[in-house]
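Encoded as structure tokens, the structure appears first; notes follow it.
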Amino acid sequence: MSIRGTSAIVGAAQLDTFKTDGKSPVGLMAVAVNRALADAGLTLADVDGLFTASSYYAFPTLTLAEYLGIHPRHMDSTALGGCSFIAQLGHAAAAIQAGLCDVAVVAYGSTQRTDAGKLVSMAESSPYEQPYGLIHPIGAFGMVAQRHMAQYGTTSEQLAQYAVSAREWALLTDTAPYPTPLTVDEVLNSGVITSPLHKLDCCLVTDGGAAVVLVSAERARDLRDNPVYLLGSGEAVNHRNVSQMPDLTATEAARSSQRALQMAGVTLDQLDTVHVYDAFTISLLVLLEDLGFCAKGEGGAFVENGNLAPGGSLALNTNGAGLAQVHPGMLGMFLIIEAVQQLRGDAGRRQVPDARLSLVHGMGLTLAAHATAVLSTHPEA
Amino acid sequence: MNAPTRPPITPRGEEKVFFDHLREHELVFQRCAGCSHAVFPLRTVCPHCSSESLDLERAAGTGTVYSFTTQHRASHPFFAADAPYTLVLVDLDGGVRVFANLVDCPPDDARIGMSVEAVFDDVEPELTLLRFRPASAAESTAEEQS
């Protein structure tokens, strides 16, 4: 038994992806849920499965259900950090297939920017790391970058090239928070925060709410003519604390993506768009290697020469993603939304022609958790 | 205005054993009696073979830097005066990796692969923290004393 192609995204919405006008994190979630349901032609009364994760609420599905005034019969607060929502797509498909719910909503909301740009986290701190003043997560990613540079000769200029490419993609949207081109020199001169990473090696800190609605493939076809089917889903766990990450330059992302790709019956060369978590230039680079878009250690060369910019060899993070568009603490939900927009043909100036097949890969914490989804315009690859 | 206070930690169970030994200026890890793997952080169940027979071993405290980063911002107001400061992952001679910070070393001199040795810093009556310094710094200190 497989969940391959058994469910589809029929509603999707995001709002206030830079700064909210006074909504709370759960308020952003709730508005996103309403808009995603309207997009699907459904109402709150139809929702019987609720999926969410949060840095604000210890019991986020309860918080959201109470706020919305609903009483779903299936709840899932899987906490894998920023990739939680990508994992929850698979969980929702399994729950729908098993009859645990019929209409599943996956939602997220954050007011990270309004909260003065501080990373909101209620994660417990490790007594082995916290007494030394580690800034989560960027301090750990400085160590990852340092190691990648020493091991493979990766340079700050190469890392900066990804930030430049992400900005170019963002300029093709109407919502780019910083709507001017970026140069490698600007990245390198933006100040070192934690060596060797500069300010502009880091994702934006934004607000944002987003939600998607999933139903069975059969019901999806009745609701709209362009459902986005979940063809494959995979997860993998790497570690919890960075000091326990066996190899700072390699992750279990490959296992997660292979699980998803095998379920989907798809290979990398068939993908039309790719959406990979880019909390930092270095995290993106490590993930691209592990996912197999280039060999281990060759990520630096792979991001050079505009290879990942519009018109490059890989349509990656087509709205600028975390580096240049939106990153409210957890990015996973927004990677899904961008893939859905591409697969619906709704991506405007950044539309990848005839996009049929997309891969979404997220990490959680410091490359600690991984989740992958393969999305398609058709229930078969 | 009060000066910022040290962000508290709450070591529990096996974590407390580690910090109790740090107060004795001992850096400890475990050796599994079932499979002989070196284990760190301290556990009650071996992650390699599930044995619950894990014996404490004292590390010599010497090792090499696996990776590092120099943070130009502090994680907490208490550390602000220390910035920039360098955090290290050290592969201890003996086979486990530990996290701490690097002292007695200008940030520009930090290198992957550099030899370091443990320093025990009694920061409070009830709290000793592990730090590392370049192994050569230890030697030069010894020379000054001789």
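Each chain gets a letter, A, B and so on, in the order its sequence line appears, and its residues count up from 1.
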Exercise: identify the closest heavy-atom pair between [X] and [Y]:
| X | Y | answer |
| --- | --- | --- |
| B:Gln71 | A:Ile135 | OE1-N, 2.9 Å |
| A:Gly133 | B:Ser75 | CA-OG, 3.0 Å |
| A:Gln146 | B:Ser67 | CB-OG, 3.6 Å |
| B:Leu89 | A:Val242 | CD1-O, 4.5 Å |
| B:Ile9 | A:Pro131 | CG2-CG, 3.8 Å |
| A:Tyr128 | B:Glu15 | OH-CA, 3.7 Å |

[X] side-chain N/O to [Y] backbone N/O, donor-acceptor pair under 3.5 Å:
| X | Y | answer |
| --- | --- | --- |
| B:Thr70 | A:Ser195 | no |
| A:Tyr132 | B:Leu102 | no |
| A:Arg147 | B:Tyr66 | yes |

Should we count [atom1] of [X] as having more than 12 external heavy atoms under 6.0 Å?
| X | atom1 | value |
| --- | --- | --- |
| A:Arg255 | CZ | no |
| B:Arg97 | CZ | yes |
| B:Phe78 | CZ | yes |

Self-check item: Largest heavy-atom contact set with chain B, pairs under 4.5 Å, which of A:Val144, A:Asp247, A:Leu197
Solution: A:Asp247

Self-check item: chain B contacts, top residue of A:Gly139, A:Ala140, A:Ala145 (heavy-atom pairs, under 4.5 Å)
Solution: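 If we count pairs closer than 4.5 Å to chain B, A:Gly139 comes out on top.
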
Exercise. Take B:His72 and A:Ile193 through the side chain to side chain contact (heavy atoms under 4.5 Å, CB included) test and state the conclusion after the steps.
Key: CA-CA 5 Å; B:His72 293 256; A:Ile193 294 189; 5.8 Å; no

Would you mind checking which part of [X] comes under 4.5 Å of any heavy atom in chain A, side chain (CB onward), backbone (N, CA, C, O), both or neither?
| X | answer |
| --- | --- |
| B:Phe40 | both |
| B:Leu127 | neither |
| B:Val88 | backbone |
| B:Phe79 | side chain |

Quiz prompt | Choice from B:Ala110, B:Pro7, B:Pro41, B:Ala83 maximising heavy atom contacts with chain A below 4.5 Å | solution =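 Top option by heavy-atom pairs under 4.5 Å: B:Pro41.
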
Quiz item: Between B:Pro11, B:Pro8, B:Ala100, B:Pro107, which residue shows the highest count of heavy-atom pairs closer than 4.5 Å to chain A?
Solution: B:Ala100

Quiz item: Nearest 0.5 Å, what's the CG-CG distance between B:Asn101 and A:Leu134?
Solution: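 B:Asn101 atom CG to A:Leu134 atom CG measures 11.0 Å (nearest 0.5 Å).
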
Quiz item: For A:Gln244, is it the side chain, the backbone, both or neither that has a heavy atom under 4.5 Å from a heavy atom of chain B?
Solution: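 Contact with chain B involves the side chain of A:Gln244 alone.
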
Exercise. Heavy-atom distances under 4.5 Å only: say whether A:Met149 touches chain B with side chain, backbone, both or neither.
Key: neither

